[in-house]
Amino acid sequence: MQVVFTSRDPQAAGLRQLAEQRLRFALRRLKTRVPRAEVELSDVNGPRGGVDKRCQLALRTDGGGPVVVSSVAGDWRSALDRALARATRFLLRQARRGQDFRKLRQRARAQETEAA
């Protein structure tokens, strides 16, 4: 999986390695479905403080289209973890849906061959 990290904030740039590790760990079961991931960390309010650290994940998936998830929190680690959790849940749900349809098609074909 190719990981692209972008950030204009010097503090967030220090989290590059952590963000890549967390991303690879969170998507380890789905790495065949996600060939490319982009992580963007930004500070919405600048130096004013508050709940303003934003993490945006843009995932390219094979067969499922692009997935873009963002999260805002008080610090970058929390924002990253929340965005990863949302993206993982979505991708797992999407994968399960595809498997369910495949199973239904296989059952229908088996019933058709039995009837014939």
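Residues: numbered from 1 along the sequence shown.
- Arg54 and Gln56 share a donor-acceptor pair across their side chains, judged by distance under 3.5 Å alone.
- Here the closest heavy-atom approach between residue Ala73 and residue Ala79 is recorded as CB-N, 3.6 Å.
- To the nearest 0.5 Å, atom SG of residue Cys55 and atom CZ of residue Arg77 are 12.0 Å apart.
- Considering CG of Asp9 and CG of Leu15, their distance stands at 9.0 Å, rounded to 0.5 Å.
- Grouping the Ile, Leu, Val, Met, Phe, Trp and Tyr side chains by contacts below 4.5 angstrom, directly or via other members, places Val72 apart from Val69.
- No side-chain N or O of Ser78 forms a donor-acceptor pair with one of Asp81 less than 3.5 Å apart.
- Put simply, the side chain of Arg28 gets close to the backbone of Phe25: a donor and an acceptor are under 3.5 Å apart.
- Checked by atom type and distance alone, the side chain of Ser7 pairs as donor or acceptor with a backbone atom of Leu41 at under 3.5 Å.
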**Message:** For a side-chain contact (heavy atoms from CB on, under 4.5 Å) check, start with the C-alpha distance between Leu92 and Leu30, then their side-chain angles and the critical distance, and finish with the verdict.
**Reply:** CA-CA 8 Å; Leu92 285 172; Leu30 301 164; 3.9 Å; yes
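- The hydrophobic cluster containing Val4 does not contain Trp76, counting ILVMFWY residues as joined when their side-chain heavy atoms lie under 4.5 angstrom apart, directly or transitively.
- Taking each heavy atom of Ala26 and Thr88 in turn, the nearest pair found is O-OG1, 3.8 Å.
- No path of Ile, Leu, Val, Met, Phe, Trp and Tyr side chains, each step under 4.5 Å between heavy atoms, connects Leu80 with Val68, placing them in separate hydrophobic clusters.
- Between Thr61 and Pro35, the closest heavy-atom pair is CA-CD, 4.3 Å.
- One finds no salt bridge joining Glu20 and Arg22 here, because no Lys/Arg side-chain nitrogen approaches an Asp/Glu carboxylate oxygen to under 4.0 Å.
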**Request:** Just do the side-chain contact (heavy atoms from CB on, under 4.5 Å) check on Val44 and Lys53 with the steps written out, would you?
**Result:** CA-CA 6 Å; Val44 179; Lys53 308 295 191 245; over 6 Å; no
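- By the 6.0 Å and 45° rule, Arg93 does not stack over the aromatic ring of Phe90.
- Atom CZ of Arg24 sits in a crowded spot, with more than 12 heavy atoms from other residues, nucleotides or ligands closer than 6.0 Å.
- Using a 4.5 Å cut-off between side-chain heavy atoms of Ile, Leu, Val, Met, Phe, Trp and Tyr, with links allowed through other members, Phe5 and Met1 fall into the same hydrophobic cluster.
- At least one side-chain heavy atom of Leu57 sits under 4.5 Å from a side-chain heavy atom of Leu84.
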